[in-house]
Amino acid sequence: MKEMSQRDYLWCALNLLLDEEEAAALLCPSCRAEASLPRCPVCGRETGERLEEENPGFDMERFLQLREGEAP
């Protein structure tokens with residue numbers, strides 16, 4: 001049996017993330033919000049901390065223009 005390469009680990013991590021996103025997309029907005037709450041991995045209680053990932057380099061206005069097919 002061969003060892004996994006870094007590329008193999010990256011492929012697995014990416015697919016796990018995509019699977020989680022697909023599962024979340026099937027939920028209603030209320031359930032999606034509930035599922036996104038940070039929880040203790042042992043007991044499942046809310047930890048009170050909310051981690052929201054944000055890309056500081058993301059330009060929402062430009063994204064919306066490109067999505068609509070408008071050239072800036």
Side-chain angles (χ1 to χ4, degrees):
M1 183 161 77
K2 80 174 199 176
E3 285 190 35
M4 288 179 60
S5 67
Q6 286 185 340
R7 183 178 177 155
D8 294 333
Y9 282 110
L10 179 60
W11 186 89
C12 287
L14 177 63
N15 279 283
L16 284 172
L17 180 63
L18 291 173
D19 290 345
E20 289 175 6
E21 287 181 1
E22 286 178 0
L26 298 174
L27 300 174
C28 71
S30 176
C31 290
R32 192 176 310 126
E34 178 73 22
S36 70
L37 293 173
R39 301 205 174 264
C40 172
V42 177
C43 69
R45 284 190 222 147
E46 284 185 47
T47 62
E49 302 170 3
R50 180 176 280 267
L51 176 63
E52 293 189 21
E53 297 177 24
E54 185 175 311
N55 181 350
F58 183 76
D59 184 350
M60 179 59 85
E61 186 175 316
R62 178 165 165 70
F63 168 77
L64 294 173
Q65 288 175 344
L66 292 172
R67 186 176 72 178
E68 298 300 321
E70 301 172 15

- request: Hey, could you give me the SG/CG distance between Cys31 and Leu26, rounded to the nearest 0.5 Å?
  value: 11.5 Å
- prompt: With hydrophobic residues grouped by side-chain heavy-atom distances under 4.5 Å, do Trp11 and Leu16 end up in a single group?
  reply: no
query: Hey, is OH on Tyr9 packed in by over 12 heavy atoms from elsewhere, all under 6.0 Å?
result: no
query: Taking only residues at least two apart or on different chains, which pairs with a member in residues 17-37 satisfy salt bridge (charged side-chain N to carboxylate O under 4.0 Å, His left out)?
result: Glu34-Arg39
message: On a heavy-atom basis, which atom in Ala33 and which in Ser36 lie closest, and how many Å separate them?
response: O-OG, 2.9 Å
- request: Give the C-alpha distance, both sets of side-chain angles, the deciding distance and a yes or no for side-chain contact (heavy atoms from CB on, under 4.5 Å) between Glu46 and Cys40.
  value: CA-CA 6 Å; Glu46 284 185 47; Cys40 172; over 6 Å; no
task: Any chance you could measure Leu14, atom CG, to Arg7, atom CZ, to the nearest 0.5 Å?
output: 11.5 Å
